[in-house]
Number of protein chains: 2
Amino acid sequence: MNAPHSPLPVTFADVQAAAKRLAGVAHRTPVLTSRTADALTGAQLFFKCENLQRMGAFKFRGAYNALSRFTPAQRAGGAIAYSSGNHAQGVALSAKLLGMKAVIVMPQDAPSLKIAATREYGAEVVLYDRRRESREAIGRSIAAERGMTLVPPFDHADVIAGQGTAALELLEDTGPLDALVVCVGGAGLISGCALAAERLAPACHVIGVEPEAGNDVQRSLASGERVMIELPETIADGAQTQQVGELTFPIVRALVDEIATVTDAQLVRTMRFFAERMKLVVEPTGCLAAAAVLERVLPLAGRRVGVILSGGNIDAERYARLLLEYAETR
Amino acid sequence: MNAPHSPLPVTFADVQAAAKRLAGVAHRTPVLTSRTADALTGAQLFFKCENLQRMGAFKFRGAYNALSRFTPAQRAGGAIAYSSGNHAQGVALSAKLLGMKAVIVMPQDAPSLKIAATREYGAEVVLYDRRRESREAIGRSIAAERGMTLVPPFDHADVIAGQGTAALELLEDTGPLDALVVCVGGAGLISGCALAAERLAPACHVIGVEPEAGNDVQRSLASGERVMIELPETIADGAQTQQVGELTFPIVRALVDEIATVTDAQLVRTMRFFAERMKLVVEPTGCLAAAAVLERVLPLAGRRVGVILSGGNIDAERYARLLLEYAETR
């Protein structure tokens, strides 16, 4: 689909190597179909269910791939990450499986459920005050003091390669697709997936979806440089990134055909669709790609389309309140 | 597990024949596992996800098997059922797929979403007043007037054989199990499943689970005859049957080892577990078997256990309110 491009910082071979490392460790998540969704859109849709991945999101893939490439010295020191979201749990679980220590730096006001889940995976949680402290500074200082290796959430070659295995599996299961629709935060997932699609389905359009309030990647592509935005207000908390990565941006420029956006209301309607029609819990961020398809932001009638459901981690209260809020406003 | 028994009204060969009719029509639903659930119980659990079946519940299996065995004359007349639940939608969808007419008799106060879903499948919905009219009388009179064939929700050999294909698939996927846990309403599902288990896993304990408030099958087994109970008050609306079937009772007596019961509070906690940990929407009735396992009503540590999640049809508002109610009372 795209013009020839200069060498990228991550290759398809890296994605294949990640798939070997993840075999038997990550779930090969199911690809589900829905006649109702197909009838709504006129397309043939294939939903890759990363909400059913270990720890509930695709982030496990990249984290595990990165940690499994640590040198013996790095393994001895352990891994550190700052995140209040799925990356934290991905790093914590991967460290546990690989027998190394992990420190996760999280804001004091993170949901207690997420803090508890991260501790359950055996990680040490270091809390900080969002208003007075910098997580980067805390992370750097712990990393230096304890000899730990920082694992960034998206701007890292091994993380990108790991995330790409989601599309690799999807395309192995479905064969060539006309379009692949993927949520975009820092663009780690879509970068890896685009590398897989370029090789396995060269004619496939790769389309990213951002929250309307946080369309930094869309704007970056338009302006040709990495635009930095204010912290976006959106229920898609996994896509509140303010700037696309240094490694992910060139991959997106080379391999992604289009970035679409959706509103929070479209995300909630999509979340409800998955609950009622497909019996799946998908978190708001996980609904980004599907919302652009099911709400017909993207015209895809007649096409075979892969849609990645990126995660399902949302606590039951918040989930229930979002479902009810929708009911009250429609 | 059980003593030799006299010939039963349905056989394993009937279940096998049903599986052939359903091949390529019903979904072969996934069997999911959860390390968290295994850690909670000490057992190795295999969840057969009939909430991901077509129209959202196992009922499609039995309905489609029954309708596909209609004679040409019966096909010309069409099918009639009275149900406000999953059986209605199973019959409506099966009739549509087989190109025949369907009438569903539903109470006026049935959830508008269920009425709409049944009509979406192309069925004619006849509403009646629960307080003044008898659905059986209405059903019989329409059946006679229009030459339609009544399809009962559980007490029918073809329905029982169809439901048994759920356990057939599960045991094909997992190999022999130590126990198979199945929800019980009119006992159509457990009867069919017990026939499959008797042949494919003769040492497997077959355990039924009823709502505590509606334990008519448990009481029937204890007394040796089909006990009739008042309409039970439980959130497990698919298990509000007042009396086990004439065909299902002898199968349960011969092949089911034990009936356990669970409370509504246990069902809601289990529903929440599936939402938060397995990202699955399971309706209260669909949680019966899993609740007995996850709430450790049944001691299953060290065993390989199949658990059937029978359905996921619940409207989003009711689902959200049940999740929140739990949050408020814990």
Side-chain angles (χ1 to χ4, degrees), chain A residues 27-36 39-40 47 49-57 93 96-97 111 113-114 116-117 120-121 268-283 286 309-328 330, chain B residues 25 27-36 39 47 49-57 93 96-97 111 113-114 116-117 120-121 268-283 286 309-328 330:
Chain A
H27 289 319
R28 187 175 183 110
T29 51
V31 176
L32 297 182
T33 60
S34 158
R35 286 172 181 82
T36 311
L40 263 175
F47 297 101
C49 294
E50 286 297 297
N51 58 328
L52 304 180
Q53 186 50 269
R54 287 185 80 167
M55 52 68 43
L93 174 57
K96 182 182 171 183
L97 294 172
L113 222 115
K114 290 211 171 169
E120 257 178 52
Y121 291 128
V268 175
R269 278 201 294 272
T270 301
M271 216 174 68
R272 184 186 169 100
F273 176 89
F274 283 114
E276 288 200 328
R277 308 305 297 241
M278 295 187 68
K279 324 301 174 191
L280 292 175
V281 174
V282 188
E283 64 184 278
L309 307 183
S310 60
N313 287 329
I314 177 166
D315 72 74
E317 279 89 347
R318 180 160 175 253
Y319 184 62
R321 289 192 201 288
L322 285 171
L323 290 176
L324 286 176
E325 194 180 289
Y326 166 76
E328 280 151 20
R330 84 182 144 159
Chain B
V25 182
H27 289 319
R28 187 175 183 109
T29 52
V31 176
L32 299 181
T33 58
S34 158
R35 286 174 182 79
T36 311
F47 296 100
C49 294
E50 286 297 296
N51 59 327
L52 304 178
Q53 185 52 266
R54 287 185 79 168
M55 52 70 38
L93 175 57
K96 183 183 172 185
L97 294 171
L113 223 117
K114 290 212 170 169
E120 257 179 52
Y121 290 129
V268 175
R269 277 202 295 272
T270 301
M271 217 174 68
R272 184 185 169 104
F273 176 88
F274 282 115
E276 287 200 330
R277 308 305 296 241
M278 295 186 68
K279 323 304 174 192
L280 292 175
V281 175
V282 188
E283 63 183 279
L309 307 183
S310 60
N313 288 327
I314 178 165
D315 71 73
E317 279 90 346
R318 180 158 175 255
Y319 184 61
R321 290 193 201 286
L322 285 172
L323 290 176
L324 287 176
E325 192 180 291
Y326 167 75
E328 280 151 19
R330 85 184 143 155

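In what follows, chains are A, B, ... by sequence order, proteins preceding strands, each numbered from 1. Computed over heavy atoms, backbone and side chain alike; hydrogens, waters and symmetry mates excluded.
- Only the backbone of B:M278 comes within less than 4.5 Å of a heavy atom of chain A; no side-chain atom from C-beta onward does.
- Ranked by heavy-atom pairs under 4.5 Å with chain A, the first of B:E120, B:R277, B:R54 is B:R54.
- Heavy-atom distances place the side chain of A:Y319, and not its backbone, under 4.5 Å from chain B.
- Ion pairing between B:E317 and A:R272 holds under the 4.0 Å rule for side-chain N and carboxylate O.
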Check: Should A:L40 and A:F273 be marked as a side chain to side chain contact (heavy atoms under 4.5 Å, CB included) after you check the CA-CA gap, both sets of side-chain angles, and the distance that decides it?
Finding: CA-CA 11 Å; A:L40 263 175; A:F273 176 89; 3.7 Å; yes
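- Contacts between B:E283 and chain A at a heavy-atom distance below 4.5 Å are absent for every atom of the residue.
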Item checked: side chain to side chain contact (heavy atoms under 4.5 Å, CB included) evaluation trace for A:L309 with A:L32 -> CA-CA 10 Å; A:L309 307 183; A:L32 297 182; over 6 Å; no
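- For the residue pair B:Q53/B:T29, the side-chain donor-acceptor check at 3.5 Å is not satisfied.
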